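Scope of the values below: all heavy atoms of this structure, side chains included, with no hydrogens, waters or symmetry mates. Being a predicted model, the structure only gives us computed values, none of them experimental. By convention in this document, chain letters (A, B, ...) are assigned in the order of the sequence lines, proteins followed by strands, and residues within each chain are numbered from 1.
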Amino acid sequence: MEFLRKIEEKWQKRWEEARIFEANPDPVRPKFYITVAYPYPNSPQHIGHARTYTLADAYARYMRMKGYNVLLPMAFHYTGTPVLAMAKRLAENDQELIKDFVNIYKVPKEKLKELTEPLRMARYFHEEIKEGMKRIGYSIDWRREFTTVDPHYNRFIEWQFHKLREKGYIKRGSHPVGWCPKDGNPVGQHDTQGDVEPEIGEFTLIKFKHGEWILPTATLRPETVFGVTNIWVNPKAEYVKAVVDGENWIISRDCAEKLTYQNRRVVVLESLSGKELVGKTVENPATGDEIYILPADFVDPKNATGVVMSVPGHAPYDYVALENLKSEPSKLTDYKLQVDVVKNINAISIIEVPGYSEVPAADVVKRMGIQEQTDPKLEDATREVYRHEFHNGKMKANTGKYAGMPVAEAKERVKRDLMASGKATTMYELLNRPVKCRCGAECVVKIFEDQWFIDYGNPEWKALAHKCLEKMRIYPEELRVQYRYVIDWLHEKACARKSGLGTRLPWDPDWIIESLSDSTIYMAYYTIAHHIKEHNIQPDQLTDEVFDYIFLGIGNAQQIAEKTGINQKVLEAMRREFLYFYPLDSRHSAHELIPNHLTFMIFNHVAIFPEELWPRQIVTNGVVTMEGAKMSKSFGNIIPLREGLAAYGADPIRLSVLATAELLQDADFSPAVAKAMREKLEKLYRLVVQTTETVGNAETERADEALTTIDKWMLSRLQNHIKKATEAMEKLEVRKAIQTILFELDQDLQWYQKRVKNCGKTRTSIVKEVLKTQALMLAPFAPHTSEELWEIMGCGGFASLAPWPKPDETKVDIKAEESEALIMEVLEDTRNISRATKTKPQKVFYYTAAPWKWDVYLMALNKSMEGKITQSTLMMELLKNSEFKSKAKELADFINRIIEEVNQIPAEKKQRLIMIGQINEKQVLREAEDFLRSELNAEIAIFEEDEPQRYDPKSKARLARPLRPAIYIE
RNA sequence: GCAGGGGUAGCCAAGCCUGGUUAAAGGCGCAGGCUUCAGGAGCCUGUCCCGUAGGGGUUCGUGGGUUCAAAUCCCACCCCCUGCACCA
């Protein structure tokens with residue numbers, strides 16, 4: 001571990017000193033521009049974050065070795081409210097947060113106090129993350145670093161929003177948000193107790209008339225209005241009579257207050273108890289039916305209006321409440337209600353759904369054994385009924401013009417129609433209430449007026465986005481449909497908030513552009529960020545004209561230079577650099593960002609930049625799990641990256657997050673994997689050291705000595721692995737690449753070493769060639785180890801900058817590969833026999849197939865290329881040859897034994913065997929004799945099957961087949 | 001529901017796109033052996049069932065189908081995971 005750490009530090013220092021990852025425009029080299037979603041510095045990064053960044057880095061390193069001038073920059077996303085919320089919690093001495101900071105994130109206690117200042121917190125984690133990125137060895141050009149609260153960047157975002165507005169993509173309107181009435185602020189997930197995201201739903205309020213008063217029943221299923229049998233109120237709750245936007249409503253007291261947040265004019269007249277309402281009748285506005293108001297405890301006055309319509313046929317709550325009421329007639333008399341009134345209320349069936357009876361609510365309630373309206377299982381029951389009815393249900397004949405309509409459609413239609421005729425309205429409510437603000441107050445829904453939106457619903461804009469998408473490479477390709485879907489489905493997106501860090505909307509500075517909107521085209525900014533720093537350009541010099549010139553080529557450099565005081569040469573250099581690196585060649589992120597960030601990136605690029613500068617590729621990956629479990633603070637299974645690096649080392653961590661899954665899948669991290677990776681690297685290191693030493697003092701190889709089959713085999717296999725790894729890398733299949741480079745190649749090398757160990761002449765030049773290639777191919781994934789090995793082997797220069805190996809076709813030797821396969825097969829067969837007979841071999845005899853068998857075999861292969869062969873046709877063919885006439889019986893026997901096998905060999909392999917022709921098996925076995933002897937721990941004798949002086953007491957020799965020598969063990 | 005991913009031997013996990021070289025890589029665990037004063041580590045061998053000769057039998061969520069041949073292709077079904085926004 002110590003030793004790994006030293007290597008890491010050594011190479012990180014050297015890279016930095018040599019500035020090899022600083023990319024500058026170079027017209028003679030092709031460029032490759034890669035970016036990863038910048039991190040949000042409200043906590044340190046953990047192993048999970050490392051996957052996307054490491055993937056991008058490995059890709060960058062690979063492309064660099066392929067000869068591209070690769071740019072991989074990094075910045076920090078300060079925008080938004082989470083960091084404010086966290087700082088505030090810290091300031092308020094939130095013990096839970098402090099515990100997380102100290103225990104999980106290892107923030108020194110004495111630091112905590114200064115982190116109560118939001119910017120300080122962001123800077124602290126910014127540095128923490130940056131340090132982690134350096135220590136894991138990312139090949140980032142740090143000169144271009146910035147944060148999204150830098151005033152220069154603010155200017156850039158202002159320019160972007162001016163552009164969007166010019167194009168007509170910015171809109172204004174109202175929209176609901178979670179709201180803390182006490183703080184007077186919108187609440188997001190990080191503002192609530194227990195970090196719950198406020199889920200806002202739109203209830204339909206259906207106006208049931210009671211004389212001149214209206215009881216607005218709140219429902220999420222307006223289509224069930226046809227199945228209403230009664231109205232529920234909570235007899236113990238407080239209701240009010242109130243004038244709401246000029247209408248007389250009876251609603252819960254809580255509701256009256258909430259409505260004021262939803263921009264309704266509410267005048268409360270008098271209060272009354274729920275009990276007073278019970279027994280009265282109201283009119284169903286959809287059917288005209290006269291129905292009763294009945295009492296139910298499950299009705300929550302804090303939820304929406306506190307008035308609920310009862311649909312016992314399709315709502316489990318209603319069904320159970322009604323049954324409860326029927327079973328307790330005494331309760332009814334309390335309210336001076338006729339017992340019969342309730343007895344005669346029966347569920348009305350209005351929806352038919354496959355797999356359920358007339359009354360789905362009853363089915364589910366009975367199945368779940370629910371007795372009481374307070375039973376929490378009712379939530380599940382409701383969900384089940386809703387799910388089935390919504391997706392598979394059809395409206396029945398008793399629903400008027402909606403009859404036959406799928407429920408999903410009827411739901412919208414009924415709502416629309418009721419609203420159009422003034423019989424319904426809507427109200428927002430938190431679906432997962434109660435949601436408590438961290439201050440303790442219960443959150444409500446507030447309608448924000450004059451909110452600013454980006455209009456992703458614009459059809460022409462969508463068309464451009466689609467066009468861009470279809471031209472892009474998407475990895476993994478399977479997810480392209482997801483992008484298509486998201487482009488179609490996006491609509492207006494609120495793009496500014498009243499609080500948080502970031503850039504103010506230039507034309508309405510009360511608003512701050514939110515984080516998903518100020519992070520869509522910043523890849524362009526990286527191309528000039530270092531110029532701005534280097535030339536000390538001030539924010540106010542960065543006018544829209546400047547950006548227009550740099551990014552769009554609009555205007556005249558000289559005039560802009562005069563106007564802004566920015567040196568004309570610098571302006572031109574920025575324009576050139578932008579044009580050199582743009583368009584973006586590869587964008588990287590986790591695929592959870594497809595529904596927002598990544599698609600927004602496409603939209604904003606197509607809105608602002610000309611087509612030739614649209615992004616070319618997006619790569620997304622799954623998340624990292626921790627020993628199979630999702631990583632989360634509450635599980636306590638988060639390993640901060642710095643901690644992981646300290647425990648396992650940079651290269652093992654890099655390999656761990658890349659080698660366990662391909663892009664689409666989640667990668668599973670575990671200490672065992674990291675440890676295994678580390679051991680693998682250490683082993684490789686020892687081997688390299690040992691090999692290098694051997695070269696130093698062993699007798700120099702004679703260059704003229706011919707390569708043996710096993711040597712050729714090793715070299716041939718090496719070419720295969722290079723090819724396979726390269727093909728995998730081209731498709732971002734890093735798992736496969738690592739598998740090949742680190743494991744498969746290694747296995748072959750081990751086999752090679754084992755094979756040559758006993759013949760006394762290890763060819764270190766071949767081992768070295770393998771190791772050098774392996775070290776190079778390891779560079780994208782385990783760059784520190786790779787550099788160190790490269791240096792030990794005396795290769796000079798940086799492995800990181802060396803060319804990626806190319807397969808040498810002249811070293812591909814299929815004959816050697818087949819010959820070696822023969823040895824493996826023979827060894828395995830021998831062991832198998834020994835096992836089956838339970839004998840420990842003293843002496844093993846091999847008999848290779850006679851030449852005539854080879855002739856027959858090859859002929860059979862040839863014949864079978866045209867189609868399936870049979871014994872008889874082959875026999876007839878062969879008997880034309882006089883040589884075989886004499887041994888027809890033997891021939892038939894032999895063909896019989898090979899025919900099935902030959903027919904099963906894949907065409908490709910047949911082709912190969914035919915090309916190779918006869919292999920001198922005896923010689924191949926002879927070469928491996930020492931090896932076999934030591935492996936089997938037995939004497940070895942090799943004969944050709946009809947060699948006269950052979951020893952063959954059990955007449956095994958005649959069983960010999962090409963590539964399957966006969967074996968006799970004693 | 002829509003979209004995506006997945007279900008492979010005791011466990012983790014490859015293979016599936018491009019059907020046959022696959023009883024199915026690799027790792028962990030387990031068993032035996034070597035090494036060691038011992039422990040540990042390392043190395044070797046084995047690890048679906050049967051088998052005194054390299055063989056046979058039964059396997060890759062379930063059920064069908066295509067094919068000379070299916071873990072791999074097609075159809076149906078079951079189960080698990082993720083996303084479905086205004087939040088970074």
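- Using a 4.0 Å cut-off, some side-chain N or O of A/R831 falls inside it from OP1 or OP2 of B/U45.
- Atom C1' of B/C30 sits at a distance of 50 Å from the matching atom of B/A85, rounded to the whole Å.
- In this structure, A/P965 reaches the bases: a heavy-atom distance under 4.0 Å links it to at least one base atom across the strands shown.
- Here the separation of B/U22 from B/C80, taken at their C1' atoms, is 27 Å to the nearest Å.
- Between B/G4 and A/R484, no contact under 4.0 Å exists linking OP1 or OP2 to a side-chain N or O.
- Note on A/K724: every side-chain N or O is 4.0 Å or more away from OP1 and OP2 of B/A25.
- Checked against the 6.0 Å centroid criterion, the rings of A/Y522 and A/Y38 qualify as a close aromatic pair.
- A/K683 comes within 4.0 angstrom of sugar-phosphate atoms only, judged by non-hydrogen atoms across all strands, and of no base.
- Atom CH2 of A/W751 and atom P of B/C44 are 12 Å apart (whole Å).
- Using modelled atom types and a 3.5 Å distance limit, the side chains of A/N832 and A/E828 yield no donor-acceptor pair.
- Pair check for B/G54 finds none; no Watson-Crick or G-U wobble contact set falls under 3.5 Å.
- Annotation: of the two residues near RNA chain B, A/P595 and A/E970, the 5′-most nearest-nucleotide partner is A/E970.
- The interatomic distance linking A/L959 (CG) with B/G55 (C1') rounds to 12 Å, in whole Å.
- Distance from the side chain of A/T81 is smallest for B/A88 among the nucleotides B/U21, B/A53, B/A88.
- Considering only the side chain of A/N596, B/A88 comes nearest among B/U45, B/A85, B/A88.
- Nucleotides of RNA chain B nearest to A/I833 and A/W489 differ in position, and the one nearer the 5' end is that of A/I833.
- Proximity of A/R735 to the phosphate of B/A25: no side-chain N or O atom is located under 4.0 Å from OP1 or OP2.
- Here the nucleotide nearest the side chain of A/P82, chosen from B/A88, B/A85, B/C86, is B/A88.
- Residue side chain A/N832 does not reach the base of B/G54 through any donor-acceptor N/O pair under 3.5 Å, judged by distance alone.
- Salt-bridge check for A/K683 with A/D746: failed, with every basic side-chain N at 4.0 Å or more from each acidic carboxylate O.
- Separation of the C1' atoms belonging to B/C78 and B/G61 is 8 Å when rounded to the nearest angstrom.
- Using a 4.0 Å heavy-atom cutoff across all strands shown, A/I967 reaches at least one base atom of the nucleic acid.
- The gap from the C1' atom of B/G29 to that of B/U21 amounts to 30 Å, rounded to the nearest Å.
- B/C77 and B/G4: their P atoms are spaced 16 Å apart (whole Å).
- Comparing B/U35 with B/C60, their P atoms are spaced 43 Å from each other, to the whole Å.
- Checked options A/E514, A/R497, A/K498; the residue passing with A/T81 is A/R497 (criterion: side-chain hydrogen bond (donor to acceptor under 3.5 Å, both in side chains)).
- For B/G5 and B/U58, the C1' atoms lie 31 Å apart once the distance is rounded to whole Å.
- Considering only the side chain of A/E935, B/U45 comes nearest among B/U45, B/G4, B/A25.
- Protein atom CG of A/L936 is 11 Å distant from nucleotide atom P of B/G46, rounded to whole Å.
- A side-chain contact (heavy atoms from CB on, under 4.5 Å) with A/R755 holds for exactly one of A/M824, A/E820, A/Q750; it is A/E820.
- Counting only heavy atoms from C-beta on, A/Y485 has its side chain closest to B/C2 among B/C2, B/G54, B/A53.
- Within 4.0 Å (heavy atoms only), A/I594 reaches no atom of the nucleic acid at all.
- Straight-line distance between the C1' atoms of B/U8 and B/U59: roughly 10 Å, to the nearest whole Å.
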Next item on the list: Would you check, one step at a time, whether the test side-chain contact (heavy atoms from CB on, under 4.5 Å) holds for A/L687 with A/L749?
Entry: CA-CA 11 Å; A/L687 178 60; A/L749 183 59; 3.7 Å; yes

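- Side-chain proximity of A/F743 to the nucleotides B/G54, B/G4, B/G26 is greatest for B/G26.
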